[in-house]
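Take a look at the structure below.
Each chain gets a letter, A, B and so on, in the order its sequence line appears, and its residues count up from 1.
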Protein chains: 2
Amino acid sequence: MRAMAQKLETVESFSRGLAVLRSFGGVRSLTITDVSDRTGLTRAAARRFLYTLCGEGLARTDGKNFELTAGVLELGHAYLSGMSELETVRDILQDLTLEIGESASAATLDGHDIVYVARSPARHRIMTVGLAVGSRLPAHAASMGQALLARMHHNELEAFLQTSPLRALTPQTLTTRAALKERLALVRARGYALVSEELEIGLRSIAVSIEGRPRNATLAINLSAQSARISEAEMVETYLPRLMHAARRVQLSGG
Amino acid sequence: MRAMAQKLETVESFSRGLAVLRSFGGVRSLTITDVSDRTGLTRAAARRFLYTLCGEGLARTDGKNFELTAGVLELGHAYLSGMSELETVRDILQDLTLEIGESASAATLDGHDIVYVARSPARHRIMTVGLAVGSRLPAHAASMGQALLARMHHNELEAFLQTSPLRALTPQTLTTRAALKERLALVRARGYALVSEELEIGLRSIAVSIEGRPRNATLAINLSAQSARISEAEMVETYLPRLMHAARRVQLSGG
DNA sequence: CGTAATTGTTCGATAAACGAACATCAAGCC
DNA sequence: GGCTTGATGTTCGTTTATCGAACAATTACG
């Protein structure tokens, strides 16, 4: 798609503006010069885009510092509100959490990452970084990522592997194409992805993909737990049946 | 802020692009002509912006229909990730839900709406429309909205009332400035906002705002229940103490 | 099949966006 | 306090990015 953009007319100022919006990631407040540094735009350009965001109600300024407003969430909401099945997915995930006492999530693939689209957290946090809708994690190291990659057509998967860094997050992360391909073959054979300590030390999760969805709207759901609390065998034995039942419910709901 | 934009240099193409992005709200898939109709842009302009979104990985197309991708969530995430206190807020809301068995939420004001920034849903859904982070509701009819409006400075509140439609969502909604002002005075005097069936028939909720936050970063939390399950008096007696305790925890956490 | 309407696209013209230069502010030193 | 230097914010003539009218392609209907 990025290659495609080379041949078709686009609006460069829109891209630049989006870069300005993204430059707020992780920080609350930025000056014109901060944004200029983060985006590579001139201060004059950064200023114009920031004032545009303010004019749209997406940012505010005290004259020196700029902050995004909650109105920005409306942009993400444009995507979520187009997914009519998402309410049902949330309810089903919540049932899972009540039943099992562990966090349940749904994610889709975007580039080399999974993106969380729904979450039902358990009371006890198990990852060092809190996850929310919109959070991204490297697909190769995440159970939902592997479940979705396993379903990709061969050419698509090759393209993914050619361009994905396969970064090591822990000593357990699969960082070679051969290792990941072997794992994905196993995922395909078993019908689920089980990931232990590849994403984070102490984290184990199991995922399945939702069948019957269009190729460009794939979705996976998972359950995560601390690896000290449950063995792989036990996760398969006690979590997997319920997870597959939930997946079936999502599928039957038109999800 | 919108008036301010008249005097300052902005990038009109960025605004137009954002309008294209927003035009996907509520639908999954749009053609060039659909977007043109929804935004008032020419088909040629709509096409350029759509292809820009595709080039940024925020949309994809089969050559005819365009859909947003999950990458759009990254834009909303730019706002959420700048709120360092949000993880703690989520945890605290979840404690509330576990304790009481009802949905707990946090929201901020944006224009005439509240915008949900965190949610801990109860198992039983109580509103006809599911809420998620990024969901917006009219502030005047929502308990968190009233809690936040009650804390506004006089001039600010007057400006809000001058421009807000005060739309009736139910026969109980407060739709006159006088009625709303009277309610807000009561909210101020009591220290909490109690809203019954003003937002939706069958829905009762109680909210408090978080003290000690900067004027432009106000936050409120609430508990919602079916009005048939709990009376106003009982909500005040059993929910309010816990809600205020949670608010205190949020405040002390730097939230 | 032929016609009309609708939808998607091209490219010369225009005006929107650009950034170099200027103005203002802040910090440090005497 | 005054002066100098460096950093930050802004202005406006110039440039080029974006524009939409007109054309091409596709679809729908009789």
Subject >> Nearest-nucleotide comparison on DNA chain C, the residue closer to the 5′ end among B/Thr31 and A/Arg48 >> reply: B/Thr31
Original post:
What are the two closest non-hydrogen atoms of A/Val115 and A/Arg136, and how far apart are they?
Top reply: CG2-NH1, 3.5 Å
Subject >> Distance-minimising heavy-atom pair for A/Asp113 and A/Pro138 >> reply: OD1-CA, 3.7 Å
**OP:** Kindly say whether the aromatic ring centers of B/Phe66 and B/Tyr51 come within a distance under 6.0 Å.
**Re:** yes
**OP:** Search all heavy atoms of A/Arg90 against all heavy atoms of A/Ala118 and return the closest pair with its distance.
**Re:** CG-CB, 3.9 Å
Original post:
Which nucleotide span of DNA chain C, 5' end to 3' end, has atoms closer than 4.0 Å to non-hydrogen atoms of chain B?
Top reply: C/dT7 to C/dC18
Original post:
Quick check: are there more than 12 heavy atoms from other residues, nucleotides or ligands sitting under 6.0 Å from CZ of A/Arg167?
Top reply: no
**OP:** For B/Arg188, look at atom CZ and say whether over 12 heavy atoms of other residues, nucleotides or ligands are found less than 6.0 Å away.
**Re:** yes
Original post:
Given that A/Gly63 and B/Ala44 both sit by DNA chain D, which one's nearest nucleotide is further toward the 5' end?
Top reply: A/Gly63
Subject >> Short N-O contact, B/Glu158 and B/Arg177, less than 4.0 angstrom >> reply: no
Subject >> 5' priority, DNA chain D, between A/Asn65 and A/Glu12 [closest heavy atom] >> reply: A/Asn65
**OP:** Kindly indicate, with the supporting measurements, whether the criterion side-chain contact (heavy atoms from CB on, under 4.5 Å) is fulfilled by B/Ile210 and B/Val89.
**Re:** CA-CA 11 Å; B/Ile210 309 297; B/Val89 173; over 6 Å; no
Subject >> Test log, rule side-chain contact (heavy atoms from CB on, under 4.5 Å), inputs A/Thr163 and A/His112 >> reply: CA-CA 8 Å; A/Thr163 55; A/His112 299 136; 2.9 Å; yes
Original post:
Do you see a donor-acceptor pair shorter than 3.5 Å between the side chains of A/Thr31 and A/Asp34?
Top reply: yes
Original post:
Which two nucleotides bound the region of DNA chain D that has atoms under 4.0 Å from heavy atoms of chain B, read 5' to 3'?
Top reply: D/dT11 to D/dA21
Original post:
Given axes from five pairs at either end, by how many degrees does the helix from C/dC1-D/dG30 to C/dC30-D/dG1 bend, rounded to 10°?
Top reply: 40°
